[in-house]
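Structure first, commentary second.
Reckoned from all heavy atoms, side chains included, excluding hydrogens, waters and symmetry mates.
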Amino acid sequence: MGVGLSGVNRAFNLVPKRAESRQSDRLRDTFVDSGVAAALEAIDHQILYGRRGTGKTHAFRYLENVVRAREHVAVYIDLRTMGSPEGLFLGETLPPTERAGRLLVDLLGELHDALLEAALEDDTLMLDVAFVTKLDGLAEAISTVRIAGEVELSTEGERKTADKSSGSFGLTVGPKPSAELRLAGESSEEGRRLNRETRRGNERVGVNFSQVARALRELADTLSARRLWLLLDEWSSVPPEIQPYLAEFLVRCVLPLQMFTVKIAAIEQQTRFRFRREDGTVIGIELGADVAANVDLDEFMVFEQNQERAREFFRGLLFKHLTSGVEVQEQVAGLRVQEDLIRLGFTDKRAFDELVRAAEGVPRDAINIAAKAALRAGTDPISVPHIRQAARAWFQTDKEAAIRSHPDAQRLLNWVIDKVIKQKRARGFLVNQKDAGAPLMLALFDARVLHLVRRGYSAQDEPGERYDVYVIDYGAYVDLIHTKYEPLGVLPVEDADAGYVEVPTQDLRAIRRAILDLAEFDKQASTV
């Protein structure tokens with residue numbers, strides 16, 4: 001490693017690793033569209049699925065800027081910042097309805113504050129008396145607090161009575177004898193009555209859905225031709241048992257409003273939009289009915305069979321991050337167009353292609369691997385060995401660390417590596433869709449250790465059976481490169497001598513050798 005860093009390598013390390021670290025006005029300039037923008041700009045209610053690092057927050061921030069540029073109202077809310085520790089995590093002491101109520105009040109308060117901020121920045125809204133009045137009505141509708149519990153009423157009374165009397169008789173003897181009789185009496189009465197009311201119970205948040213819905217509807221009516229876009233990010237950060245109650249509020253109060261568009265960003269494997277209660281009632285969002293359109297960002301980030309498209313995306317991603325909004329003194333000399341990136345930052349095109357391969361279609365992985373490789377390169381251009389070392393380090397610190405606390409998932413990963421890479425010299429495999437929803441598979445997929453690249457392969461001789469294609473993360477097998485276990489392709493075909501294919505288009509019968517039977521792992525695990 002050289003002493004210090006070159007200008008371009010220093011720039012790689014200055015790139016914010018998360019979208020929320022950048023100022024909102026720069027996010028639009030650094031956004032590279034993989035095709036998802038057109039889908040998100042539709043006015044339909046949508047759920048944007050995607051694993052960590054695929055760009056959900058960046059896409060929402062970009063959409064926020066687009067909406068405001070069209071003079072509509074956009075409200076972006078990060079649900080990680082909503083609620084208190086008591087409301088979110090005291091599951092044993094507070095019922096889900098109470099925890100959801102507290103979170104909902106915080107969410108509505110954030111919505112109110114965002115609308116107020118929008119009004120302060122927009123003279124048209126600020127001078128609209130009807131809008132301001134209805135905004136006050138929303139504040140009143142979300143500020144209800146009630147006391148739940150027993151009410152104790154006690155009365156205390158006290159009365160005092162006092163009587164006092166005195167008398168005297170006097171006789172005077174003298175030139176004029178006289179007699180005097182004096183009588184005096186005094187009485188007093190004092191009364192006091194005290195009423196005391198004691199309430200014993202817990203203070204609970206009470207939200208009247210009909211009142212809030214009416215306040216939102218009347219507020220929306222004042223927006224005239226403007227549409228209000230509510231962008232709820234990090235939905236999966238809300239505890240699963242609370243999510244359906246929050247979803248039910250949206251169904252009752254927000255989704256029916258014509259001038260409202262709701263977008264929710266979530267991790268599919270950590271989402272619970274709908275729930276059946278003990279009394280049989282179902283609450284929450286019904287996918288396909290309440291929210292008709294779902295967008296899976298992972299599908300937009302799959303670049304299998306199109307290496308040039310992947311190269312263009314990541315080259316544009318890194319170029320924009322290195323050039324957009326950068327102070328003059330921080331700019332990389334000679335970096336004027338995208339083609340300059342590879343010339344200045346990498347030893348050759350092969351090194352950059354290795355970065356694209358290591359990223360596996362995940363923008364955050366690409367940014368972090370590039371930064372770690374730049375540190376290793378120092379004053380030199382980034383080479384293939386730098387990429388491989390960085391990818392391994394990133395896998396160990398981010399992905400492997402995420403599953404280390406899940407021993408069964410770790411064992412499944414080791415088993416997959418042994419079965420797929422070491423035995424078949426492949427880096428991809430097929431899994432029956434019936435097994436794709438298994439908790440351990442979902443855990444590896446969510447940790448970005450496995451990547452789904454194609455859904456729904458079928459076999460003519462197996463009616464109704466469908467398979468998904470997965471590849472193993474680059475960082476999991478990079479140590480095996482240049483060894484006897486180095487993967488030679490994505491999927492092995494039925495005839496071992498026929499070699500390997502990328503994601504195929506032919507009938508599934510040709511690649512049966514690539515099918516991984518998870519039942520074998522379950523059987524093996526049960527005997528341990």
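- Proximity of a side-chain donor or acceptor of Lys56 to a complementary backbone N or O of Ala266 within less than 3.5 Å is not detected.
- Taking each heavy atom of Leu297 and Thr54 in turn, the nearest pair found is CD2-O, 3.1 Å.
- Only one option out of Arg427, Glu360, Glu354 pairs with Tyr474 in a side-chain hydrogen bond (donor to acceptor under 3.5 Å, both in side chains); it is Glu354.
- A donor-acceptor pair is defined here as one N or O able to donate and one able to accept, closer than 3.5 Å; no such pair exists between the side chain of Asp468 and the backbone of Leu430.
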From CA spacing to verdict: side chain to side chain contact (heavy atoms under 4.5 Å, CB included), Asp479, Arg392:
CA-CA 8 Å; Asp479 286 345; Arg392 182 58 182 165; 3.1 Å; yes
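- With His386 contributing its side chain and Ser383 its backbone, the two residues share a donor-acceptor pair below 3.5 Å.
- In terms of heavy atoms, Leu518 sits closest to Trp415 at CD2-CZ3, 4.1 Å.
- Heavy-atom minimum distance, Ser34 versus Arg309: O-NH2, 3.3 Å.
- From Ile472, atom CD1 reaches atom CG of Leu450 across 7.0 Å, with rounding to the nearest 0.5 Å.
- In this structure, Val356 and Arg315 have side chains that are not in contact, with every pair of non-hydrogen atoms separated by 4.5 Å or more.
- Leu318 has its side chain within reach of Phe352: a pair of non-hydrogen atoms, C-beta onward, lies under 4.5 Å apart.
- If you take CZ on Arg454 and OH on Tyr470, they are separated by 14.0 Å, rounding to the nearest 0.5 Å.
- If you take CG on Asp418 and CZ on Phe521, they are separated by 12.0 Å, rounding to the nearest 0.5 Å.
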Which is it for Glu248 and Arg277 under the salt bridge (Lys or Arg N to Asp or Glu O under 4.0 Å) test, yes or no, and what are the steps along the way?
CA-CA 12 Å; Glu248 180 69 12; Arg277 304 177 66 183; over 6 Å; no
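- Side-chain contact between Val332 and Asp340 is absent, with no heavy-atom pair separated by less than 4.5 Å.
- Remark: Ile421 CD1 to Phe429 CZ distance equals 9.5 Å, nearest 0.5 Å.
- Checked by atom type and distance alone, the side chain of Lys422 never pairs as donor or acceptor with a backbone atom of Glu486 at under 3.5 Å.
- Distance alone, capped at 3.5 Å, is enough to place a donor-acceptor pair between the His45 side chain and the Val262 backbone.
- Using the six-membered ring where Trp is involved, His321 and His58 have ring planes that are perpendicular, over 60° apart on the 30 and 60° scheme.
- Judged by a 6.0 Å distance limit and a 45° cone about the ring axis, Arg51 is positioned over the six-membered ring of Phe445.
- Of all the heavy atoms in Gln269 and Asp446, the pair that sits closest is OE1-OD1, 4.5 Å.
- Residues Ile283 and Tyr245 have side chains in contact (heavy-atom distance under 4.5 Å, counting atoms from C-beta outward).
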Let's go through Thr57 and Asp233 carefully: what are the C-alpha distance in whole Å and the side-chain angles of both, what is the deciding distance for side chain to side chain donor-acceptor pair (under 3.5 Å) to 0.1 Å, and is it a yes or a no?
CA-CA 7 Å; Thr57 296; Asp233 197 5; 2.6 Å; yes
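- Residues satisfying the salt bridge (charged side-chain N to carboxylate O under 4.0 Å, His left out) criterion with Glu312, sequence neighbours excluded, are absent altogether.
- In this structure, Tyr76 and Leu63 have side chains that are not in contact, with every pair of non-hydrogen atoms separated by 4.5 Å or more.
- With sequence neighbours excluded, the residues forming a salt bridge (charged side-chain N to carboxylate O under 4.0 Å, His left out) with Arg404 are Glu400, listed by chain and number.
- A donor-acceptor distance shorter than 3.5 angstrom exists from the side chain of Gln243 to the backbone of Arg272, with no hydrogens or angles considered.
- Here the closest heavy-atom approach between residue Ile403 and residue Ala447 is recorded as CG2-CB, 3.7 Å.
- Panel note: side chain Ser236, backbone Ile267; a donor-acceptor pair is recorded below 3.5 Å.
- Between Leu355 and Phe314, every side-chain heavy-atom pair lies at or beyond the 4.5 Å cut-off.
- The shortest side-chain heavy-atom distance between Arg52 and Gln270 falls under the 4.5 Å cut-off.
- Within the 4.5 Å cutoff, side-chain heavy atoms of Val416 are placed close to those of Leu412.
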Please evaluate residues Asp398 and Lys372 with respect to the criterion salt bridge (Lys or Arg N to Asp or Glu O under 4.0 Å), reporting the C-alpha separation (whole Å), side-chain torsions for both, the decisive distance (0.1 Å), and the verdict.
CA-CA 13 Å; Asp398 181 77; Lys372 290 181 178 296; over 6 Å; no
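- Checking side-chain atoms of Asp365 against main-chain N and O of Asn368 turns up no donor-acceptor pair under 3.5 Å.
- Of the possible polar contacts, one joining the Asp290 side chain to the Glu286 backbone as a donor-acceptor pair under 3.5 Å is found.
- For the pair Arg68 (side chain) and Ala74 (backbone), a donor-acceptor distance under 3.5 Å is present.
- A 6.0 Å sphere centred on CZ of Arg227 holds more than 12 heavy atoms belonging to other residues, nucleotides or ligands.
- Here Glu234 contributes atom CD and Met82 contributes atom CE; the two are 12.0 Å apart, rounded to the nearest 0.5 Å.
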Would you please test Phe249 and Val254 for side chain to side chain contact (heavy atoms under 4.5 Å, CB included) and show each step?
CA-CA 7 Å; Phe249 160 74; Val254 183; 3.9 Å; yes
Working note: Arg343 + Glu339, criterion salt bridge (Lys or Arg N to Asp or Glu O under 4.0 Å); need CA distance, chi angles, decisive distance, verdict.
CA-CA 7 Å; Arg343 176 177 59 82; Glu339 288 71 17; over 6 Å; no
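- Listed by chain and number, the residues in a salt bridge (charged side-chain N to carboxylate O under 4.0 Å, His left out) with Asp517 amount to none (sequence neighbours excluded).
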Is there a side chain to side chain contact (heavy atoms under 4.5 Å, CB included) between Lys263 and Leu48 once you walk through the steps?
CA-CA 7 Å; Lys263 310 280 185 180; Leu48 175 64; over 6 Å; no
From CA spacing to verdict: side chain to side chain contact (heavy atoms under 4.5 Å, CB included), Arg102, Asp106
CA-CA 6 Å; Arg102 296 185 180 189; Asp106 285 347; 5.6 Å; no
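- To the nearest 0.5 Å, the span separating CD1 on Ile43 from OG1 on Thr261 amounts to 5.5 Å.
- Stacking of Arg425 on the aromatic ring of Tyr500 is not recorded, the 6.0 Å distance cut-off and the 45° axial limit not both being met.
- Nearest heavy atoms, Ala377 versus Asn9: CB-ND2, 3.7 Å.
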Salt bridge (Lys or Arg N to Asp or Glu O under 4.0 Å), that's the test. Do Glu520 and Lys523 meet it? Break it down for me.
CA-CA 5 Å; Glu520 181 182 345; Lys523 182 178 180 180; over 6 Å; no
